[in-house]
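Encoded as structure tokens, here's the structure I'll be asking about.
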Amino acid sequence: MTPDRLTSRNLLHSYVTSDSLKLHSKMVATVMEGYARKLEKPDDTVDTWWTAGLLHDLDWEKFPDEHPKKAVKEILPEHNYSEDIIRAVEAHAPDRTGRKPKTEIERYLFACDEISGFMKAVALMRPNGFSDMKVKSVTKKLKDKKFAENVPREDVKTGAELIGLELRDHIQNLITFFKDKY
Ligand SMILES: [Fe+2]
Ligand SMILES: [Fe+2]
């Protein structure tokens, strides 16, 4: 059984103080939930996907060098999170863990992480944020190497491929998930 959402939120807040990292965590959780619903997963799977999104950067602030291994090896197992969630967190950072995203939840988490951060940066530049955002406003910024330069464009591209979507459709889905919420 996946710990409930309140428990997971409390766990996140016990490790993360930065507002921007809390927001990023929430946004990735929203996207994971959005996709799980779109794929018509049962409710417990929707919760699992949401939780993987919420907790994927759990140890980033306190253990930046060990991220995400500290969470994968210690924190998440100690708090009774399922293997699905733990493996997904591990596979969102293949360069650090050596685990490539393979299962569905792993591929979706990888596909949703960097693009969510990137789109938040785009939203901040716009007077109306996500509400009137167009796919083009995002793809244009992706081509601008200086904009949010810490976001690896290669991972954004690979992510969409991993979930079998054209990048523009993936971005459109995220706009829909974020709209009216962020
Ligand atoms: Fe991460
Ligand atoms: Fe992240």
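Index from 1, following the sequence. Atoms within each ligand, like the ligands themselves, are counted from 1 in listed order.
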Requested in this report: Would you name the N/O/S atom of D57 that lies closest to the Fe ion (ligand 1)?
Outcome: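 Atom name returned: OD1.
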Query raised in the report: Do any N or O atoms from the side chain of H56 and from the backbone of G53 form a donor-acceptor pair under 3.5 angstrom?
Result: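 Between the backbone of G53 and the side chain of H56 there is a qualifying donor-acceptor contact (under 3.5 Å).
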**Report entry** Three-point angle D113:OD1, the Fe ion (ligand 2), H24:NE2, rounded to the nearest 10°
**Finding:**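 Here the angle at the metal atom is close to 80°, to 10°.
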Query raised in the report: When you look at CG of D144, are more than 12 heavy atoms from neighbouring residues, nucleotides or ligands closer to it than 6.0 Å?
Result: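 Atom CG in D144 is packed in, count exceeds 12.
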Query raised in the report: Is the closest basic N to carboxylate O distance between E66 and K73 below 4.0 Å?
Result: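 Result for this pair is no, no salt bridge flagged.
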Requested in this report: Tell me which N, O or S atom of H92 sits nearest to the Fe ion (ligand 1).
Outcome: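 Within H92, restricted to N, O or S, the Fe ion (ligand 1) is closest to atom NE2.
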**Report entry** Passing option when D57 is tested against L12, L21, V28, V89 for side chain to side chain contact (heavy atoms under 4.5 Å, CB included)
**Finding:**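 In the set L12, L21, V28, V89, the residue that makes a side chain to side chain contact (heavy atoms under 4.5 Å, CB included) with D57 is L21.
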Requested in this report: Specify whether an N/O/S atom of H56 falls short of 2.8 Å from the Fe ion (ligand 2).
Outcome: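 It does; at least one qualifying atom falls short of 2.8 Å.
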